[in-house]
Amino acid sequence: MNSILEWFGYVAERYDDILETTWEHAQLVLVVIGVATTVAVLLGVYVQRRPTLRAMSLSITGIFLTIPSLAFFAFFIPVFGIGNRPAIVAMILYALLPILRNTVTGLDAVPPAVVESAKGMGMGTMRQLFQIKLPLAWPIMMAGVRIASLITVGIAAIAVLVGGDGLGSYIQSGLTRLGLPNSEFSVWTGVVFTVLLGLVLDAMWATIQRFTTTKGQRI
Amino acid sequence: MSPDAKIRLDHVEKTYPGTKVPAVESLSLEVYEGEILVLVGPSGCGKSTTLRLINRMIEPTGGRIYLDDEDVTKVNADKLRRRIGYVIQQIGLFPHQTIAQNIATVPKMLGWDKAKVAERIDRLLTVVGLDPDTYRDRYPKELSGGQAQRVGVARALGADPEIMLMDEPFGAIDPITRDRLQNEFLSVQEDLRKTIVFVTHDIDEAIKMGDRIAILGDRSHIRQIDTPERILAFPVDDFVRDFIGEGSTLKGLHFETVDEHVTLEPYPTMHVGEDPTAAVARAREAGTDWVLLLDDQEHPTRWVPVSDLGGGSTVSSDSGSEVVAKVSLGATLFEALEQMLISEAAVSPVVREDGSFYGVVRLTHLNKAIRRARLEAREHYAQLEATS
Amino acid sequence: MSMTGAQGRIGYEGQEKDNPEPPPDPNTGSDATDAAPTEQPASWFLRAREMNLGLKLAPVAIALLGLGLFLYYRSLGLGTTAPSSQTSALEWSTKLWPQLTQHLTIAFWSTIIVVVIAIPLGIALTREPLRRYGPAFVSTANAGQALPAYGLLIIFLTLMGQGLTTVVVALAVYALLPVLRNTMVGLDGVDRGIIEAGRGMGMTRGQVLTRIELPLAVPVILAGIRVAMILNIGMATLAFLIGGGGLGVTISVGLKLQQNEVLLVGSTLVAIVALSFDWVGAVAEKYLRPRGV
């Protein structure tokens with residue numbers, strides 16, 4: 001109990017710095033999610049009705065997700081050097097599968113009768129996509145984004161090992177100063193704020209999802 | 001208490017925790033050996049709950065349940081259920097087991113030896129109309145809905161229980177298959193004579209399947225329990241009348257047959273080559289416009305209008321029009337009515353088993369039969385009231 | 001009638017906090033047709049049916065990576081033209097091979113611990129009277145995805161000190177939730193009608209669990225174990241941070257010495273290990289699922 005209070009004191013002292021680091025961490029995640037969503041949604045729309053491409057893209061993005069993060073980050077150092085960049089590239093590749101998967105699933109879930117009647121009313125392919133299919137698939141796609149966001153928040157803490165920013169720096173400084181005063185508080189700060197950031201971002205996506213879904217689709 | 005009550009519910013109650021109104025309130029009910037008792041009622045009336053109280057899938061909160069006069073309210077529920085066949089709408093075949101393994105479930109739990117189980121599986125598959133060699137080793141996902149339901153029934157019959165509980169067993173099946181499965185089940189039941197409690201929300205299914213029907217209202221109150229013919233002839237109150245719905249009189253015709261109860265009238269007939277004058281005279285006497293032409297074996301063949309018989313010439317085998325509609329002795333009055341509606345002479349000829357002419361059914365017969373059934377039912381209920 | 005697609009899609013359920021599942025209403029009684037729960041087994045790792053292609057694609061990827069690594073390793077000129085630090089960092093018999101076995105040992109034990117704890121716990125949390133706590137665990141499992149593996153490892157270091165045991169325990173804690181969650185989702189996903197039929201025939205609760213629920217939940221539980229295994233192999237890469245060894249050592253040496261050659265060999269080797277085990281897991285999932293499902 002005492003040490004929890006002490007930890008609060010530790011956090012209060014470094015409030016500005018912690019928030020700044022959290023913001024760095026959030027930026028990493030937002031960039032990754034932004035790029036990954038764009039790529040995965042475009043890819044998903046393109047491959048959904050093309051079985052071979054669809055299976056290939058799902059398998060390959062699945063393989064990315066299997067590769068241990070530190071190894072994947074390190075893999076890109078020869079190309080991008082030390083820093084945020086190798087981490088961002090690797091995390092974008094990680095985030096692809098959840099979003100791609102849910103885009104495809106969401107589009108699958110659009111009732112054929114709805115598409116059929118849209119076609120019957122003379123809607124062109126693009127109009128069908130933007131007025132019918134994507135809005136109907138949206139909640140499932142957003143669910144994919146939320147999963148990707150959670151994963152990315154957790155993994156981004158490792159970016160510090162390849163010279164990147166983010167809350168991992170608190171964990172690392174705790175590790176390097178282990179045994180010295182406050183080192184454990186530093187580690188806890190890194191962990192707690194990472195999880196908090198994950199939850200805040202998740203709530204944010206949930207809110208966005210809520211306000212971008214028509215009433216007819218809310219259950 | 002009737003001596004042959006196989007299942008007896010004695011003031012059974014079910015109140016769910018946290019609710020004040022019981023789902024089933026003080027229900028007393030007897031199911032006789034070898035009969036199909038149908039529980040029918042609007043959705044939410046508690047008929048399924050009632051059924052599930054019998055095998056204690058739901059534990060009653062009051063009252064007693066007897067099987068063969070044995071109080072089973074507190075016996076081990078799992079062992080109790082192994083004695084009772086159970087068929088549900090979702091069927092619930094085990095997808096990871098073959099058809100044979102599915103059917104063997106209860107016999108195995110009861111410790112039957114392998115040879116006996118194998119023999120039983122084949123017999124049951126045959127009983128429900130599936131070829132054992134084809135279906136034994138299949139998995140449920142390889143079956144159509146109708147086939148799965150047959151397997152469901154076979155599985156419930158697994159250890160040859162004396163009692164079967166069926167909860168809307170044909171509810172999820174398309175109408176044509178359902179009709180066939182109902183008929184097959186009825187003919188299987190004719191041999192097996194199980195004691196069956198059958199739940200449905202469909203009054204027509206109830207009328208078709210039930211030896212007796214219990215119409216349930218809220219909280220599983222029995223509004224009327226009787227044979228389908230009596231319920232159709234004499235619904236005791238507006239609730240039952242509404243539930244039976246339109247056309248109950250017509251449905252009642254299903255339970256009246258063309259037999260000794262329906263005193264058939266003679267009808268003017270003649271044979272090929274016979275002098276028409278006598279036939280015309282008979283028709284005049286009977287007050288009909290038609291004469292029925294019979295062949296050598298006394299089979300009705302053609303309707304000949306009296307007006308065609310005036311010239312004194314003999315009738316040939318192509319006079320008048322062909323008899324397209326007739327019923328056999330023992331057919332229901334419903335069938336007779338249908339034939340009557342398409343018959344030239346507005347009556348339905350009745351033939352014996354060998355096809356020979358027996359008599360005709362007229363609209364007045366139906367009218368009489370229905371009124372007699374209503375009267376009987378009313379008297380029955382008057383008597384019941386007097387004795388109670 | 002059958003189970004909902006066991007190999008499932010990327011799950012999103014349990015995150016829909018705005019529409020919690022309504023509790024069963026006893027008032028509606030029995031006549032309420034119980035709609036089979038359509039909950040999908042949920043994990044970002046689960047693959048859909050078309051991922052069967054992954055079964056064929058993965059070996060190709062693994063073989064290509066392996067061949068590339070082999071050729072690259074030979075071209076480095078270790079012991080001859082390569083710097084001596086590189087040679088010593090990448091020596092097979094004294095560095096890479098022991099690290100590999102260490103890596104797999106860590107992942108193996110933590111996966112075993114996860115299985116031994118999470119499956120019984122998942123069973124308990126889908127039974128009365130613990131059932132009502134289940135959803136809380138599923139949501140925690142969801143949020144747990146944001147837990148930084150790195151930080152968790154260091155926390156356990158502060159609690160238990162350096163060494164293999166610490167690594168194994170930390171990994172087990174990290175990988176526990178996916179298996180727990182999949183066990184619960186898999187058991188809950190079994191069609192109520194099937195369980196009802198089993199109970200109605202007089203199976204005891206135990207018989208229904210062992211003969212019906214668990215066999216039918218096997219595909220989903222296996223998928224969870226596979227996720228745990230891959231998480232563990234991934235996290236074992238960080239074991240070097242607290243003196244647990246593993247292939248992460250080579251990667252860290254590469255980072256420290258700023259030698260891309262060492263980095264590449266280390267990370268490729270880790271990737272090959274992860275992909276191989278994931279593939280084995282996928283094959284096992286395919287062949288261990290009960291027939292007929």
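In what follows, every chain begins at residue 1, and chains take the letters A, B, ... in the order their sequences are listed. Not measured: the values here are computed from a predicted model.
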Exercise for the section: Look at I233(C), L241(C), L152(C), T250(C) and state which one has the largest set of heavy-atom pairs under 4.5 Å with chain A. Expected result: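 Most heavy-atom pairs within the cutoff with chain A belong to L241(C).
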Exercise for the section: Against chain A, work out which of A274(C), G234(C), P148(C) has the most heavy-atom pairs shorter than 4.5 Å and name it. Expected result: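 The option with the most such pairs is P148(C).
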Could you tell me the separation between the [atom1] atom of [X] and the [atom2] atom of [Y], rounded to the nearest 0.5 Å?
| X | Y | atom1 | atom2 | answer |
| --- | --- | --- | --- | --- |
| I171(A) | I155(C) | CD1 | CD1 | 7.5 Å |
| R226(C) | T66(A) | CZ | OG1 | 7.0 Å |
| I63(A) | L57(C) | CD1 | CG | 5.0 Å |
| F72(A) | T237(C) | CZ | OG1 | 13.0 Å |
| I154(C) | E184(A) | CD1 | CD | 11.5 Å |
| I67(A) | I272(C) | CD1 | CD1 | 10.0 Å |

Exercise for the section: Answer with side chain, backbone, both or neither: which region of I82(A) has an atom nearer than 4.5 Å to a non-hydrogen atom of chain C? Expected result: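 The side chain, not the backbone.
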Problem - Contact origin within M56(A) toward chain C - heavy atom pairs under 4.5 Å - result: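 The answer is both parts of M56(A).
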Would one find more than 12 heavy atoms of other residues, nucleotides or ligands at under 6.0 Å from atom [atom1] of [X]?
| X | atom1 | value |
| --- | --- | --- |
| R177(A) | CZ | yes |
| F277(C) | CZ | no |
| R14(A) | CZ | yes |
| W7(A) | CH2 | yes |

Handout entry: Atom group of I251(C) that falls short of 4.5 Å from chain A, counting heavy atoms
Key =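 For I251(C), the side chain is the part near chain A, not the backbone.
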Exercise for the section: Counting only heavy atoms closer than 4.5 Å, note whether T268(C) contacts chain A via side chain, backbone, both or neither. Expected result: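 Both backbone and side chain.
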Exercise for the section: Can you see which heavy atom on A271(C) is nearest to which on P68(A), and at what distance? Expected result: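 Closest pair (atom of A271(C), atom of P68(A), distance): CA-CD, 4.4 Å.
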Exercise for the section: Would you name the heavy atoms of N260(C) and P78(A) that are closest together and state the gap between them? Expected result: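 For N260(C) and P78(A), the tightest heavy-atom pair comes out as ND2-CA, 3.5 Å.
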Handout entry: Interface residues of residues 31-48 of chain A facing chain C - non-hydrogen atoms under 4.5 Å apart
Key =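 Residues in range: none.
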With heavy-atom distances below 4.5 Å as the criterion, would you say the side chains of [X] and [Y] are in contact?
| X | Y | answer |
| --- | --- | --- |
| L178(A) | L157(C) | yes |
| Y150(C) | V160(A) | yes |
| L238(C) | L161(A) | yes |

Practice task
Give the C-alpha distance, both sets of side-chain angles, the deciding distance and a yes or no for side-chain contact (heavy atoms from CB on, under 4.5 Å) between L263(C) and F73(A).
Solution key: CA-CA 10 Å; L263(C) 266 187; F73(A) 288 10; over 6 Å; no
